2 protein chains.
Amino acid sequence: MTIKSDPYDSLVFLTNRVGRLLSNEVRKKLEEEGGPQILQTTHIGVLVDLWVQDGVRQQDLAVSTIKDKGTITRTLNFLEQENLVVRVTDRSDKRNKRIYLTHKGKEMEHRLLPYAEHATVGATDGISPEELRVCKDVLARLYKNLIK
Amino acid sequence: MTIKSDPYDSLVFLTNRVGRLLSNEVRKKLEEEGGPQILQTTHIGVLVDLWVQDGVRQQDLAVSTIKDKGTITRTLNFLEQENLVVRVTDRSDKRNKRIYLTHKGKEMEHRLLPYAEHATVGATDGISPEELRVCKDVLARLYKNLIK
DNA sequence: AATTATTAGTTGCACTTGCAACCAAAAACA
DNA sequence: TGTTTTTGGTTGCAAGTGCAACTAATAATT
């Protein structure tokens, strides 16, 4: 008897698809409720990182957001233009540019995060808080394991 | 006392980042071990869907893979060119094009899936099988809930 | 100290993607 | 039956992305 593997029971596909679906939900909510105009997923990803820790280098952002260095460069060009962040060349090592949130950038946290957190209402039907908790914890640990 | 929300404890960010990390792992493994030359994530996503069910319409693929119709059109142009799938115009409704795997396309399943499934070794350090099981189940239910 | 290697960030290029406009076929409606 | 609306798929366009080549600054090696 051959056991046919279920392609859907694979973390790669599950995370990617659920991730995109949730992103789309957030994007839709933002538009509906006239939220902030920064809709690019990468923009938000970078901001999220900066909310956790300020003053990191572009390279660090590239690693944690899992984007190319070049992509981060261009993302920051935009965020800087929008007065959400500033680039400061590191005194002691002029290769590094440290990224800091502006006042406007910090404010954005309170406006944006609720959308990201509440995007799951409705999606979690039939899922207990405990299960959800485990799921998030596992994902967080996977992230830590994989981020090198 | 104000409780600072943790941006990382959000399903949107966790799934997206873990998803990308895992995709990159699979891509790397494929290259290292001289696997199939189809590296595009979208290509693989479409194939996965077809392994689950053959003969669906492009529109169905767009929904389940969460990609734009246009993207699916172009993805199928490629897969058809590679002799992995064929498009068959539906007799009873000429708007529909049914997508079928070729022999080569079916073969690919056995070659590709192991990469996707085993990509998690090393990543799951410190995570029990039970926890992983719950995580996958939750993700699967989220997917079903969100896919409309 | 001078040369070489490495690292951070930028830029050009090719490719992917989503959106919107479009075409063809079918369904709904008058 | 003829007109309008909806649906599936394709295409043009603009924006995002990864890769590789490049520059500037620092570290490592001789």
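Below, each value reflects all heavy atoms present in this structure, side chains not excepted, and no hydrogens, waters or symmetry copies. None of the values given here were measured: they were computed from a predicted structure. Order of the sequence lines fixes the chain letters, A, B, ..., with proteins taken first and strands second; residue numbering starts at 1 for each chain.
- A heavy atom closer than 4.0 Å to some atom of DNA chain D occurs in A/Asp93, A/Lys94, A/Arg95, these being the qualifying members of residues 89-100 of chain A.
- Defined by atom type and a distance below 3.5 Å, a donor-acceptor pair is present between the side-chain atoms of A/Gln58 and A/Arg87.
- Atom pair A/Arg27:CZ and C/dC19:P shows a separation of 7 Å (rounding to whole Å applied).
- Around the NZ atom of A/Lys144, the shell of radius 6.0 Å holds no more than 12 heavy atoms that belong to other residues, nucleotides or ligands.
- Minimum heavy-atom separation, B/Ile66 to A/Arg20: O-NH1, 3.0 Å.
- Within the 4.0 angstrom heavy-atom criterion, base atoms lie near A/Arg74.
- Look at B/Asp93 and B/Arg57 and you find no salt bridge, because none of the NZ, NE, NH1 or NH2 atoms lies under 4.0 Å from a carboxylate O.
- Atom CG in B/Leu61 sits roughly 14 Å away from atom P in C/dT17 (whole-Å rounding).
- Between B/Asp90 and B/Lys94 no salt bridge is recorded (no basic side-chain N to carboxylate O distance below 4.0 Å).
- Between A/Arg87 atom CZ and C/dG9 atom P the separation is 9 Å, expressed in whole Å.
- Panel note: side chain B/Arg98, backbone B/Thr89; no donor-acceptor pair is recorded below 3.5 Å.
- For the pair B/Leu79 CG and C/dT16 P, the computed distance is 11 Å after rounding to whole Å.
- Between the side chain of B/Thr15 and the main chain of A/Thr15, no donor-acceptor pair closer than 3.5 Å is present.
- Salt bridge annotation for A/Arg74-A/Asp68: absent, with no cationic side-chain nitrogen under 4.0 angstrom from a carboxylate oxygen.
- A pairwise comparison of heavy atoms in B/Tyr115 and B/Leu30 identifies CD1-CD2, 3.6 Å as the closest pair.
- The 5' end of DNA chain D is approached more closely, in terms of each residue's nearest nucleotide, by B/Arg20 than by the other of B/Arg20 and A/Lys69.
- Rounded to whole Å, atom P of C/dT10 lies 17 Å from atom CZ of A/Phe78.
- For B/Asn77 and C/dT16, the CG to C1' distance is 13 Å, given to the nearest whole Å.
- A donor-acceptor contact under 3.5 angstrom links the side chains of B/Ser23 and A/Asn16, judged on distance only.
- Straight-line distance from the CG atom of A/Asp68 to the P atom of C/dT7: 17 Å, rounded to whole Å.
- In this entry the distance linking CD of B/Gln58 with P of C/dC23 reads 19 Å, nearest Å.
- Taking 4.5 Å as the limit, every side-chain heavy atom of B/Asn145 sits out of range of all side-chain heavy atoms of A/Thr124.
- Note that the first and last nucleotides of DNA chain D, 5' to 3', having any atom under 4.0 angstrom from a heavy atom of chain A are D/dG16 to D/dT26.
- Terminal axes of the helix from C/dA1-D/dT30 to C/dA30-D/dT1 (five pairs each, C1' rotation axis) are separated by 20°, to the nearest 10°.
- Between B/Thr42 and C/dT17, a side-chain N or O to OP1/OP2 separation shorter than 4.0 Å is present.
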